[in-house]
Amino acid sequence: MIQTATQNRGATVSDKNLDVELRKVFKVYNGETAVRGVDLDIHQGEFFSILGPSGCGKTTTLRMIAGFEMPSAGELYIRGQSMTQVPPYRRPVNTVFQSYALFNHLSVSENIAFGLRIKRLGKAEIETRVREALKLVKMEAYANRYPAQLSGGQQQRVALARALVNRPAVLLLDEPLGALDLKLRKEMQVELSNLHKDLGLTFVMVTHDQEEALSLSDRIAVMNYGRIEQIGNPVEIYEKPGTPFVADFIGDTNLFKGRIETQDASSLQIITDKKLKIIVQPQQDVNYATGADVVLSVRPEKIQLSLYPPSVEVNSFEGRLKHVMFMGTHVHYVVELASGDLITVMQPNTLGNSPSSDTPIYASWSAGDCIALSV
């Protein structure tokens, strides 16, 4: 079985390098299990993302960290302290929601100051901290405006400032950029990354957007059906997915079902269900069994196309172009191999003329550019 997650399960409550710890956490709603035995170690100062499709349990996990939901079983610690009986307002965390949740009848400054007033801080300290928070998110000029007078990106900045003004140990981000259009979303990704680097706080973000998680995170936990399938940094998650689900969910990939026919120290020979012979370079930390069923993953950008038979000896297959789609920065091809398999190929736009649909073509990739995953 392939090991999929790099988790520090031996960490103790006294580990001062961890801001958030979940130990075998479950959450059950009306007999339905939403979170199934999640273990997480989130280090101080890291940008940690929980990524997965709708209904996978990622938002429920974040809400348990925030205290809006209580675990049905398991333990949850923040800064080494058990949160079992601690209500949300007593936890050293603040949450930024997708909907912003601003008070429309309060000005920007009043929205940011709201939590400080609840804590009954002095007027002078409130004014100082609000001013600092406005400067942090570059909203000083909008202090007296109301939420309805702001753009979506400006409202998101106010929501961030309102959370940060309380100086939490951990900032929780629940799909924070989901309500923004694509261009503004990318701009805010840069702002969020810069904010994290400047503050050095621990950020825990929930998202279903793979690109967002890959571009912002120090580490990512990929969830599926209430379980964590893999934890790793963005390069590990993308280049070395541990399961077929992770390979398919993170970015685009081509998957082939097959079986290991032979193997040696440098290669696996896989015969797919449609009788393609594919050579794979084995991963060093995985034990493979001859005869075992596997799923092969090959990223579209790793595949080369040629109008003539390439000189490579392995993983070269004849086919025919089915679709050609110009995407601006790259060209997206769909190729039907002689076996009947449909594969996608992405190549950079080099201003050349792309071959047209129905052109005979050869697709090839190296043994090191595909991964065999256990099923």
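Fair warning: this is a prediction, and the values are worked out from it, not measured in the lab.
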Minimum heavy-atom distance [X]-[Y], with the two atoms named:
X: Leu268; Y: Pro282; result: CG-CB, 4.1 Å
X: Gly45; Y: Asp19; result: N-OD2, 4.3 Å
X: Glu110; Y: His105; result: OE1-O, 4.4 Å
X: Thr84; Y: Met70; result: O-CE, 2.6 Å
X: Pro71; Y: Val25; result: CB-CG1, 4.0 Å
X: Val324; Y: Ser356; result: CG2-C, 4.3 Å

I'd like to check the side-chain contact (heavy atoms from CB on, under 4.5 Å) partners of [X]; sequence neighbours left out, ordered by chain and number.
X: Pro87; value: Tyr89, Arg90
X: Ile371; value: Pro241, Gln283, Leu373
X: Leu342; value: Lys322, Val334, Glu336

Task: With Asp209 via salt bridge (Lys or Arg N to Asp or Glu O under 4.0 Å) - residues at least two apart - done: Arg185
Is the shortest heavy-atom distance from the side chain of [X] to the side chain of [Y] under 4.5 Å?
X: Val280; Y: Ile278; result: yes
X: Val165; Y: Leu116; result: yes
X: Ile260; Y: Ile271; result: no
X: Met223; Y: Val38; result: yes
X: Pro234; Y: Ile220; result: yes
X: Asp41; Y: Val20; result: no
X: Ile65; Y: Leu76; result: yes
X: Tyr333; Y: Val331; result: yes

So, taking the atom named [atom1] in [X] and the one named [atom2] in [Y], what distance separates them when rounded to the nearest 0.5 Å?
X: Ser215; Y: Gln210; atom1: OG; atom2: CD; value: 11.5 Å
X: Asn166; Y: Phe114; atom1: CG; atom2: CZ; value: 11.0 Å
X: Thr207; Y: Leu216; atom1: OG1; atom2: CG; value: 8.5 Å
X: Leu106; Y: Arg162; atom1: CG; atom2: CZ; value: 9.5 Å
X: Thr95; Y: Arg91; atom1: OG1; atom2: CZ; value: 10.0 Å
X: Leu22; Y: Leu40; atom1: CG; atom2: CG; value: 5.5 Å

Pairs where [range] contributes a residue and the test salt bridge (charged side-chain N to carboxylate O under 4.0 Å, His left out) is met, not counting sequence neighbours:
range: residues 56-73; answer: Lys27-Glu69, Arg63-Glu69
range: residues 237-256; answer: Glu239-Lys302
range: residues 134-153; answer: Lys138-Glu191

Backbone N/O of [Y] and side chain of [X]: donor-acceptor pair under 3.5 Å:
X: Arg227; Y: Val35; value: no
X: Asn111; Y: Phe103; value: yes
X: Ser297; Y: Ala247; value: no
X: Thr61; Y: Gly57; value: yes
X: Thr253; Y: Val298; value: yes
X: Thr33; Y: Arg36; value: no
X: Asn315; Y: Ile279; value: yes
X: Arg23; Y: Gly37; value: no
X: Gln44; Y: Asn17; value: no
X: Gln81; Y: Ile78; value: no

Open item on the list: Under 3.5 Å, is there a donor on one side chain and an acceptor on the other for Thr243 and Glu229?
Closed with: yes
- [ ] Scan side-chain atoms only and decide if Ser217 and Ser49 contain a donor-acceptor pair under the 3.5 Å cut-off.
- [x] yes
Task: ring pair (Phe, Tyr, Trp, His ring centres under 6.0 Å) contacts touching residues 20-39 (sequence neighbours left out) - done: none
Open item on the list: According to ring pair (Phe, Tyr, Trp, His ring centres under 6.0 Å), does anything in residues 164-222 pair up with another residue at least two apart or in another chain? List the pairs.
Closed with: Phe47-His196, Phe47-Phe203, His196-Phe203
Open item on the list: Under the rule for ring pair (Phe, Tyr, Trp, His ring centres under 6.0 Å), what residues qualify as partners of Phe249, not counting sequence neighbours?
Closed with: Phe245
- [ ] State which residues pass ring pair (Phe, Tyr, Trp, His ring centres under 6.0 Å) with Phe317; sequence neighbours excluded, sorted by chain then number.
- [x] Trp365
Task: side chain to side chain donor-acceptor pair (under 3.5 Å) between Ser109 and Ser107, worked out - done: CA-CA 5 Å; Ser109 288; Ser107 69; 5.0 Å; no
Open item on the list: Starting from Val204, can I reach Phe68 by hopping between I/L/V/M/F/W/Y residues whose side chains sit under 4.5 Å apart?
Closed with: no
Task: Single-linkage hydrophobic cluster Val294~Val286, side-chain heavy atoms < 4.5 angstrom - done: yes
Task: Ionic contact status for Arg219 with Glu46, cut-off 4.0 Å - done: yes
Open item on the list: Under a 4.0 Å threshold between the charged nitrogen and the carboxylate oxygen, would Arg129 count as salt-bridged to Glu125?
Closed with: yes
Open item on the list: Test: side chain to side chain donor-acceptor pair (under 3.5 Å). Region: residues 259-281. Which pairs qualify, not counting sequence neighbours?
Closed with: Arg259-Asp293, Glu261-Gln269, Gln263-Thr290, Asp264-Ser266, Asp264-Ser267
Task: side-chain contact (heavy atoms from CB on, under 4.5 Å) partner of Glu132, chosen from Leu134, Thr128, Val130 - done: Thr128
- [ ] State whether Tyr238 and Arg299 meet the cation-pi test: NZ (Lys) or CZ (Arg) under 6.0 Å from the six-membered ring centroid, and within 45° of the perpendicular axis.
- [x] yes
